[in-house]
Q: 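Before I ask anything, here is the structure I am working with.
Below, all heavy atoms of this structure are taken into account, side chains as well, without hydrogens, waters or symmetry copies. Reminder, nothing fancy here: chain letters follow the sequence lines and each chain counts from 1.
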There are 2 protein chains.
Amino acid sequence: MASSVGPSRARKVTLRDVAQLAGVSVATASKALNGRDEVSEETRRRVTEVAERLAFTPNTLAQSILAGRSGTVGLLTNDLDGRFSLPILMGAEDAFGAGQMSVFLCDAREDAIREQHHLKALLGRRVDGLIVVGSKTDPRPPLGSKVPVPVVYAYAPSTDPADSSVVVDNVRAGRAAVEHLLATGRRHVAHVSGDVSYSAARDRAAGAGAALAEAGLDHVGPVRYGSWSEAWGRAAVAALLDADEPVDAVVCGSDQIARGVLDALRDRGVRVPDDVAVVGFDNWEPMISGSRPGLTSVDMRFQDMGRRAAERLFAALDGSDHPGVEAIEPRLVVRGSTVPEA
Amino acid sequence: MASSVGPSRARKVTLRDVAQLAGVSVATASKALNGRDEVSEETRRRVTEVAERLAFTPNTLAQSILAGRSGTVGLLTNDLDGRFSLPILMGAEDAFGAGQMSVFLCDAREDAIREQHHLKALLGRRVDGLIVVGSKTDPRPPLGSKVPVPVVYAYAPSTDPADSSVVVDNVRAGRAAVEHLLATGRRHVAHVSGDVSYSAARDRAAGAGAALAEAGLDHVGPVRYGSWSEAWGRAAVAALLDADEPVDAVVCGSDQIARGVLDALRDRGVRVPDDVAVVGFDNWEPMISGSRPGLTSVDMRFQDMGRRAAERLFAALDGSDHPGVEAIEPRLVVRGSTVPEA
DNA sequence: AGCGTGCCCGAAAAGGGTTTCGGGGACTTT
DNA sequence: AAAGTCCCCGAAACCCTTTTCGGGCACGCT
């Protein structure tokens, strides 16, 4: 007879229902369920039993409205399809999930209008704080001064240094790559990077250059900027080898470029790592796992960055965060493309 | 003197504040801001002006508690680091974002305990519905019968056929791959796939086999199951060519395997697509963009799947969804690995 | 027996917004 | 001028939970 309307339209069971069925007042029911000691064991038992039977779940909305804190956080990303925001998001989810926070996810797609729209919705829902995830390392304008909750920027820092930001350290990453190459005996280091309009490309090159300079060296040829693609890596190798300068190492602006470089070197019969060592950035699984030999790469620790952003947001919530830009230290992962595999 | 505590601890401005400052009652303020016509234009103007000035944002929590609908949905994923959940999630975010829904993101990491924990939290927050995203196409146990809101399963269907599920059609995808190969004149089709414990691997092989059978053909050799990796693709090519049976096409269980197959064929001097055609599945950008030649692949349309799941959830919300499993039709994307590029 | 003392429990307010309903003021009509 | 009508506005209830405060009841002590 299908007397119930729809699949699951049962009115939500409320504390009043529980109280009524247990024969106590709502106040008592509340106290019983929340473990307050102003209630007898016998009553508590009866109330909890009824709550269990009705599958009662306290309405967090009502609790939030009362407490003035919602226990929710907004995660405002601009790059949901990208590689960077996802691990960050995971790290944040991780850090929050441990506690009692729930996470609102919003993708603004690099659109400032959409971002403001989402921001407004989140503030309406009374999020306790916000994490803003960028898609590039280049600084971005802050959300606006009128945001009444703490904000932490991840990956892309705010242009305002007084905001809280957590970023990767591209300069240091470039330095780490070169220091590893120097330590393993390389002296002729070329550099193939991505789009020069990205600060990530320029910063990594700057770090690499600085490390070379400290050893009294310089890049072989100019830093070759191009695009963040395998095709560019392959094309760059052609140009590099045709230039006929000795090269025993290539620093690549990303793992994808490195993959192209590796493939092109293999095509040309150049042995890796014997003749030329190759280093990438990001330690990106899909590129790493298939490459021959395994690609040495600088891991930017996106997930830790997300976790750290969440931690700082927590700190900001109880006022113990001091704002500013914090850099995550990159971590070199050595594989067969720079050191012969055992 | 820093009399304010913390960076932005201003008490939230409430409707009462607006009303007071505008010299009207809360009731009138509410009506003015919500466009109800029981208020004079003059009053409305004054109220909106004050609201604007105070940056008043109505407390959605309070509205929700009253309306009995929160305007939020839970997105319960198990594979936040994976390739599948993300586009699904984007599609869903997309479909919701258009309206007034906000999305709670939770990653259960394949852990049933954690899933239940998140579920409870989401129900406490009175989500209006749930989308559950799996990490494999294999059916999964439903959340539980006691869930008082509509649920749509995406990618991994519920084992209960009476639940609402949106899945990819792997059989059809396998068929599409083979039909394309047959249409372009191939007759000797080998099949290299991933982990046999995945229904995705088996279903794609089944679809491919069926299409071959209809043409009076069969796979060259057995379907070679292995792992979802480039390395396996390379290894399989070695075995395949050593078997010394004629092969003019290889269907690969994933783009990653296909990438390995392409690389190994190139190493061995086999021309693609002239001598052998290669097809992959998933149309996964990172693998596609770098491959030589461009990889023909069957796009499973994850994003559309996510969007569809969101649409069905909407339908379920107003009772117009009829449950059951719905399959998304895959789409073949032809590139240079099966047809010579112009 | 009377008084004091705990122990449980319930009434009520709070929190922010929406909605219903009634009332008051101004304007029109006779 | 009195009566009727219409238009705005405000008081109050409601949603669900927590918390404070006061009251009632039983028991012990003198």
Side-chain angles (χ1 to χ4, degrees), chain A residues 10-48 50-51 54-72 100 120-121 123-128 148, chain B residues 10-48 50-51 54-72 100 120-121 123-128 148:
Chain A
R11 196 180 56 77
K12 297 297 285 187
V13 23
T14 145
L15 184 59
R16 174 163 24 230
D17 303 333
V18 175
Q20 202 154 14
L21 213 61
V24 297
S25 74
V26 268
T28 305
S30 171
K31 282 178 280 199
L33 294 177
N34 292 341
R36 316 228 350 180
D37 53 1
E38 304 135 322
V39 68
S40 72
E41 269 322 308
E42 153 62 14
T43 308
R44 185 188 309 281
R45 199 196 47 69
R46 207 170 62 239
V47 171
T48 42
V50 171
L54 297 187
F56 168 71
T57 318
N59 188 330
T60 313
L61 301 176
Q63 294 176 288
S64 300
I65 215 175
L66 200 54
R69 300 177 307 102
S70 65
T72 60
Q100 301 303 320
K120 194 157 185 181
L123 291 180
R125 297 195 187 281
R126 294 298 186 263
V127 292
D128 295 333
Chain B
R11 195 180 59 77
K12 296 298 285 187
V13 23
T14 143
L15 184 59
R16 172 158 30 228
D17 303 332
V18 176
Q20 202 155 14
L21 212 62
V24 298
S25 73
V26 266
T28 305
S30 171
K31 282 177 281 198
L33 293 176
N34 292 341
R36 318 228 349 182
D37 52 1
E38 304 135 323
V39 68
S40 72
E41 269 322 307
E42 154 62 13
T43 307
R44 186 188 309 281
R45 200 196 46 71
R46 208 169 62 238
V47 171
T48 43
V50 171
L54 297 187
F56 168 71
T57 319
N59 188 332
T60 312
L61 301 176
Q63 295 177 296
S64 301
I65 214 175
L66 198 55
R69 300 178 308 100
S70 65
T72 60
Q100 300 303 320
K120 194 158 185 181
L123 292 180
R125 296 195 186 282
R126 294 296 185 269
V127 292
D128 295 333

Q: Considering only C:dT18, D:dC9, C:dG17, which nucleotide approaches the side chain of B:Val39 most closely?
A: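 Of C:dT18, D:dC9, C:dG17, D:dC9 is nearest to the side chain of B:Val39.
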
Q: Are any of the side-chain heavy atoms of A:Leu33 and A:Leu15 separated by less than 4.5 Å?
A: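 A side-chain contact under 4.5 Å exists here.
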
Q: Check nucleotides 10-12 of chain C for protein N or O atoms closer than 3.5 Å to its own N or O atoms and list the pairs.
A:
residue	atom	partner	partner atom	Å
C:dG10	OP2	A:Ser25	N	2.8
C:dG10	OP2	A:Ser25	OG	3.3
C:dG10	OP2	A:Thr28	OG1	2.9
C:dG10	O6	A:Lys31	NZ	2.6

Q: Among C:dC9, C:dG16, D:dT20, find the nucleotide with the atom closest to the side chain of A:Thr43.
A: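 Nucleotide nearest to A:Thr43's side chain: C:dC9.
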
Q: Reading DNA chain D from 5' onward, which residue's closest nucleotide shows up sooner: A:Arg36 or B:Ala62?
A: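 Nearer the 5' end of the strand: B:Ala62.
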
Q: Report the distance from atom CG of A:Asn59 to atom P of C:dG17, rounded to the nearest whole Å.
A: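 Result: 17 Å.
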
Q: Measure from CG on A:Leu66 to P on D:dC14 and round the result to the nearest Å.
A: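 So the two atoms are 19 Å apart, to the nearest Å.
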
Q: Within this structure, what is the CD-to-C1' distance between B:Glu38 and C:dG22, rounded to whole angstrom?
A: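 One finds 13 Å between C1' of C:dG22 and CD of B:Glu38, rounded.
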
Q: Hey, what do you get for CG (B:Leu61) to CZ (B:Arg126), rounding to the nearest 0.5 Å?
A: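 If I round to the nearest 0.5 Å, the distance is 13.0 Å.
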
Q: To the nearest Å, give me how far apart CD (A:Gln63) and C1' (D:dT17) are.
A: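 Result: 7 Å.
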
Q: With rounding to the nearest 0.5 Å, note down the distance linking CD in B:Glu38 to OG in B:Ser30.
A: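 Answer rounded to 0.5 Å: 9.5 Å.
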
Q: Would you kindly give the CD1-to-P distance between B:Ile65 and D:dA13, to the nearest whole Å?
A: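 After rounding, the gap between these two atoms is 19 Å.
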
Q: Of B:Arg16 and A:Asp37, whose closest DNA chain C nucleotide lies nearer the 5' terminus?
A: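 Its nearest nucleotide being more 5', the pick is A:Asp37.
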
Q: Would you kindly compare B:Arg126 and B:Ser40 by the position of their nearest DNA chain D nucleotide and give the one closer to the 5′ end?
A: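 That would be B:Ser40.
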
Q: Please give me the minimum heavy-atom distance between B:Arg44 and B:Asp37, naming the atom from each residue.
A: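 Closest approach of B:Arg44 to B:Asp37: NH2-CA, 4.0 Å.
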
Q: Taking A:Arg45 first and then A:Glu41, would you say they form a salt bridge - that is, a charged N and a carboxylate O separated by under 4.0 Å?
A: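 A salt bridge is absent here (no side-chain N lies under 4.0 Å from a carboxylate O).
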
Q: For the CD atom of B:Gln63 and the CG atom of B:Asn34, what is their distance to the nearest 0.5 Å?
A: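 Taking CD in B:Gln63 and CG in B:Asn34, the distance rounds to 7.0 Å.
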
Q: Tell me the interatomic distance from A:Gln20, atom CD, to D:dC16, atom P, rounded to whole angstroms.
A: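 Roughly 13 Å, once rounded to whole Å.
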
Q: Specify the separation, in whole Å, of atom CZ of A:Arg46 and atom C1' of C:dC8.
A: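 Taking atom C1' of C:dC8 as the reference, CZ of A:Arg46 is at 12 Å.
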
Q: Hey, what do you get for CZ (B:Arg125) to OG1 (A:Thr57), rounding to the nearest 0.5 Å?
A: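 Answer rounded to 0.5 Å: 12.5 Å.
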
Q: Do the side-chain N or O atoms of A:Ser30 get closer than 4.0 angstrom to the phosphate oxygens (OP1, OP2) of D:dT18?
A: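 Yes, because at least one side-chain N or O of A:Ser30 sits under 4.0 Å from OP1 or OP2 of D:dT18.
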
Q: Return the minimal non-hydrogen interatomic distance between A:Val13 and A:Phe56, and the atom names on each side.
A: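 Heavy atoms only, the tightest pair is O-CD1, 3.6 Å.
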
Q: Is there side-chain contact between A:Asn59 and A:Thr14, with at least one heavy-atom pair below 4.5 Å?
A: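 Side-chain contact under 4.5 Å: no.
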
Q: Rounded to whole angstroms, how far apart are CZ on A:Arg69 and P on D:dT18?
A: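 My rounded result for the distance is 13 Å.
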
Q: Need the bend value for the helix from C:dA1-D:dT30 to C:dT30-D:dA1: angle between end axes, 5 pairs each end, nearest 10°.
A: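 Both end axes considered, the difference amounts to 70°.
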
